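Predicted model only: the values in this text are computed from it and were never measured. Values reported hereafter were calculated over all heavy atoms of this structure, with side chains retained and with hydrogens, waters and symmetry mates removed. Chain A is the first sequence line, chain B the second, and so forth, proteins listed ahead of strands; every chain is numbered from 1.
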2 protein chains.
Amino acid sequence: MESEPVIRALSALAQEHRLALFRLLVQAGPEGLAAGAIAGALGVPASSLSHHLTQLTNAGLIVQRRESRSLIYSADYRAMNALVGFLMENCCGGGACAPDTACEPITDEERKSA
Amino acid sequence: MESEPVIRALSALAQEHRLALFRLLVQAGPEGLAAGAIAGALGVPASSLSHHLTQLTNAGLIVQRRESRSLIYSADYRAMNALVGFLMENCCGGGACAPDTACEPITDEERKSA
DNA sequence: TCCATAGTTCGACAATCATCGAATTATAGA
DNA sequence: TCTATAATTCGATGATTGTCGAACTATGGA
């Protein structure tokens with residue numbers, strides 16, 4: 001994987017409203033949400049939201065589909081997973097560097113106790 | 001976890017040189033690398049690099065230690081893992097949304113075939 | 001066709017960010 | 001103490017980004 005699309009994805013997520021938006025869609029699941037519903041949930045003006053939706057779409061993190069007059073957005077889980085994989089890639093030079101937990105996503109247990 | 005530190009971490013990584021720098025440290029393992037060695041590896045002027053090192057440090061993604069005249073930087077794996085956990089949090093509303101692979105990091109097999 | 005609804009594009013402005021040389025601070029050795 | 005090495009801080013500059021109202025485009029129903 002090239003690093004340029006990764007930068008785009010990270011830049012897209014590195015913004016308060018877009019991070020909230022992406023997480024909203026991640027939690028909404030494959031059904032997604034209409035642009036208007038998102039604007040309401042986040043309290044962001046329509047034109048600003050549209051700008052953010054474009055950024056996330058260009059980054060490949062979300063996808064758009066039309067349903068009558070509404071445009072429905074949903075998270076692209078594969079893109080998110082690819083991003084995570086890229087960050088973890090060749091952790092510690094590919095060798096044994098530390099307990100497994102150090103190179104894998106934290107477990108639910110760890111997350112709750114944090 | 002609050003979203004503000006997550007934004008800081010994502011912003012820190014959303015930059016060509018810092019992403020390369022962070023990945024360099026991830027691959028270098030716990031031993032880390034001296035600032036000068038990093039500057040050489042990335043081909044970035046010392047003052048620019050220092051700026052980036054500060055950003056990554058403030059984001060909690062890397063840590064610094066002194067070893068004689070050199071300052072050694074190394075990746076903080078826990079921070080990276082916490083970041084990943086945050087992005088995955090409550091995926092699909094916490095319910096069964098899709099095959100497991102959709103909410104977990106991709107496997108090595110998938111990564112290679114991409 | 002005409003109107004209402006759903007979103008996007010445009011344009012301008014303020015704010016933040018990356019860059020890099022010069023000056024500065026910190027450590028170690030002679 | 002004096003010098004050399006290692007790295008950071010300072011300061012100025014150009015570029016990118018977030019914001020939002022107004023104007024525009026697209027769809028669907030009467």
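A residue-by-residue look at Val44(A) and Tyr73(B) shows that Tyr73(B) has its nearest nucleotide of DNA chain D further toward the 5' end.
Contact annotation for Ala34(A): backbone-only contact, meaning every heavy-atom pair under 4.0 Å involves sugar-phosphate atoms and none involves a base. Counting any heavy atom pair closer than 4.0 Å across all strands shown, His51(A) reaches a base atom. If you check every strand for non-hydrogen atoms under 4.0 Å, Ser48(A) touches a base. Note on Glu67(B): nothing from the nucleic acid sits closer than 4.0 angstrom, heavy atoms only. If you check every strand for non-hydrogen atoms under 4.0 Å, Ala35(B) touches sugar and phosphate atoms only. Within the 4.0 angstrom heavy-atom criterion, only backbone atoms of the sugar-phosphate kind lie near Ser70(A); the bases stay farther away.
The base of dG28(D) does not come close enough to the side chain of Ser68(A) for any donor and acceptor atom to sit less than 3.5 Å apart. Counting atom types as modelled, Ser47(B) pairs a side-chain N or O with a base atom of dG21(C) as donor and acceptor under 3.5 Å.
As rounded to whole Å, 10 Å separates atom C1' of dT8(C) from atom CG of Leu53(A). Distance Arg69(B) CZ to dT25(C) C1': 14 Å, rounded to the nearest Å. In this structure, Ile72(B) atom CD1 and dA6(D) atom P are separated by 11 Å, rounded to whole Å.
For the pairing with Leu21(A), the side chain to side chain contact (heavy atoms under 4.5 Å, CB included) check across Val44(A), Leu42(A), Leu61(A) returns one residue only, Leu42(A).
Looking at the side chain of Pro45(A), the nearest of the listed nucleotides dG18(D), dG21(D), dG21(C) is dG21(D).
In this structure, His52(A) reaches the dT19(D) phosphate: one of its side-chain N or O atoms is under 4.0 Å from OP1 or OP2.
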